[in-house]
Amino acid sequence: MKKRPNNRVQNNISKPVHYWLLKNEEADYSIADFQRDNTAEWNGVRNFQARNYIRTMHMGELFLYYHANGNPSGAAGVGKIISEPHADPTQFDTKSIYFEKRATKESPVWSTVRVQFVAQFARVVSLSEIATSARLKGILVARRGQRLSVMPISQTHFAHIRTLGMRSA
DNA sequence: GCCAACGTTGGC
DNA sequence: GCCAACGTTGGC
């Protein structure tokens with residue numbers, strides 16, 4: 001019998017743990033709104049690359065909550081994925097701005113996950129701070145032209161930004 | 001409001 | 001499959 005590699009999590013062999021960065025405009029849905037609601041459906045993603053990332057998400061994974069168009073823009077807190085990926089219901093709603101005429105119940109086009117508020121940072125870790133940090137070199141959110149609302153982030157970068165955010169300025 | 005850097009659409 | 005036109009994102 002082959003021995004199971006010991007660098008995998010038991011009962012979860014084919015599911016690597018990801019960390020994510022999820023964006024919302026601060027004026028549309030801030031970390032305070034997220035905290036008030038406690039949970040939310042991450043509906044309305046209409047970009048194929050972002051959708052493909054959503055489809056690799058797993059329950060329990062953590063993400064940085066990022067304020068786009070913020071004052072300043074940056075990481076404002078932490079949330080958690082609390083469902084497996086599933087069809088975004090707004091794609092079937094003819095009255096929704098997210099309606100998708102190509103979508104059918106049998107083969108949906110867009111995916112979503114349910115998310116839960118975990119923590120608000122003591123301070124926003126600004127994009128300029130992220131972009132200039134040597135320890136965050138290569139981070140996707142600071143890359144020029146990067147506009148995805150859902151992107152992966154390394155465990156190391158996630159942990160570092162969380163440490164910065166939890167510490168008062 | 002400007003505009004760079006994309007992604008998407010549709011004619012051919 | 002190419003690519004021009006158009007739409008969107010998001011920092012500034």
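Every chain is numbered from 1, with letters handed out A, B, ... down the list of sequences.
- Toward the 5′ end of DNA chain B lies the nearest nucleotide of A:Q49, the other residue of the pair A:Q49 and A:K101 mapping further downstream.
- A:R143 is not listed as a side-chain neighbour of A:V141, based on a closest heavy-atom distance of 4.5 Å or more.
- When each of A:E41, A:H86, A:E84 is paired with A:R114, the side-chain hydrogen bond (donor to acceptor under 3.5 Å, both in side chains) condition holds for A:E41 and for no other.
- Taking the six-membered ring where tryptophan is involved, the planes of A:Y65 and A:W42 are perpendicular, since the angle between them exceeds 60° and thus also 30°.
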Please produce a list of atom pairs where a protein N or O lies less than 3.5 Å from an N or O of nucleotides 8-12 of chain C.
residue	atom	partner	partner atom	Å
C:dT8	O2	A:R147	NH1	2.6
C:dT9	O3'	A:R147	O	3.2
C:dG10	OP1	A:K23	NZ	3.1
C:dG10	OP1	A:R147	O	2.6
C:dG11	OP1	A:Y66	OH	2.9
C:dG11	OP2	A:N69	N	2.8
C:dG11	OP2	A:S73	OG	2.8
C:dG11	N7	A:N69	OD1	3.3

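- For A:R123 against A:L164, the heavy-atom pair with the smallest separation is NE-O, 3.3 Å.
- The cationic atom of A:K105 (NZ for Lys, CZ for Arg) lies less than 6.0 Å from the six-membered ring centre of A:F92 and within 45° of the ring axis.
- Atom CZ in A:R143 sits roughly 14 Å away from atom C1' in B:dC6 (whole-Å rounding).
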